[in-house]
Amino acid sequence: MGEIVGVRVRGLREAMRALEKAGADSEQMRELMHEIGEIVATRARQLAPVGKTRRLKGSIRAGRGKTKAVVRAGYERKSMPYAGVVHYGWPARNILPDQFLADAMDQTRGEVIARLDIGIGELLERNNLK
């Protein structure tokens with residue numbers, strides 16, 4: 001329905017794979033990515049529009065990817081098909097976008113990058129790679 005909102009860190013995937021090959025536990029990497037996603041998810045919950053049921057706000061979750069942080073809204077797709085419409089808008093129906101996920105990412109970018117930097121350093125130390 002629109003473009004995917006994201007930040008790409010060049011070389012991160014390769015660095016995470018190298019860490020894994022060198023002995024870093026994949027669960028440690030998943031936990032780091034979840035922590036990073038939770039930074040954005042927390043802000044997105046604050047920015048999400050509040051409807052009568054508050055279900056959209058309550059549906060915002062951080063995933064547990066090994067090489068990337070993911071934040072989802074409207075994860076119960078069958079019962080919440082409007083999450084994408086709220087975020088991206090629907091011009092044909094005169095529904096303006098409320099890009100609360102993109103705004104949350106923009107507003108937390110510095111904190112996310114700092115946590116990623118610290119987290120990779122901790123992974124390196126924990127696995128005697130530094």
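Computed from heavy atoms alone, side chains included, the values below leave out hydrogens, waters and symmetry copies.
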May I ask you to test the Leu116-Met33 pair for a side-chain heavy-atom distance under 4.5 Å?
-> yes
How long is the gap from CG on Leu47 to CG on Leu101, to the nearest 0.5 Å?
-> 9.0 Å
Spatial distance of atom CD1 (Ile36) from atom CD (Glu31) [nearest 0.5 Å] = 10.5 Å
Is there a side-chain contact between Arg93 and Val85, using heavy atoms and a 4.5 Å cut-off?
-> no
Do Val86 and Phe100 have side-chain heavy atoms sitting under 4.5 Å apart?
-> yes
Between the main-chain N or O of Arg64 and the side-chain N or O of His34, is there a donor-acceptor pair closer than 3.5 Å?
-> no
Would you say the side chain of Leu123 lies within less than 4.5 Å of the side chain of Met29, judging by non-hydrogen atoms?
-> yes
Distance (rounded to the nearest 0.5 Å) between Asn94 CG and Leu96 CG = 7.5 Å
Evaluation steps, salt bridge (Lys or Arg N to Asp or Glu O under 4.0 Å), between Glu38 and Arg45 | CA-CA 10 Å; Glu38 195 56 45; Arg45 285 184 207 107; 2.9 Å; yes
Validation row: Val71, Arg61 side chains within 4.5 angstrom (heavy atoms) | no
Glu35 and Arg30 ion-paired at < 4.0 Å = no
Heavy-atom pair of closest approach, residues Ala73 and Ala83 = O-CB, 3.9 Å
So Arg55 and Tyr82, side-chain contact (heavy atoms from CB on, under 4.5 Å) or not? Walk me through it.
-> CA-CA 11 Å; Arg55 288 176 57 204; Tyr82 56 86; 3.9 Å; yes
Which atom of Ala62 lies closest to which atom of Gly37, heavy atoms considered | CB-C, 3.5 Å
Check the pair Arg72 / Ile60 against side-chain contact (heavy atoms from CB on, under 4.5 Å), numbers first and verdict last.
-> CA-CA 6 Å; Arg72 292 182 178 91; Ile60 299 170; over 6 Å; no
Report yes if some heavy atom in the side chain of Asp98 is under 4.5 Å from a heavy atom in the side chain of His87; otherwise report no.
-> no
Any chain of hydrophobic side-chain contacts (each under 4.5 Å) joining Ile120 to Ile39?
-> yes
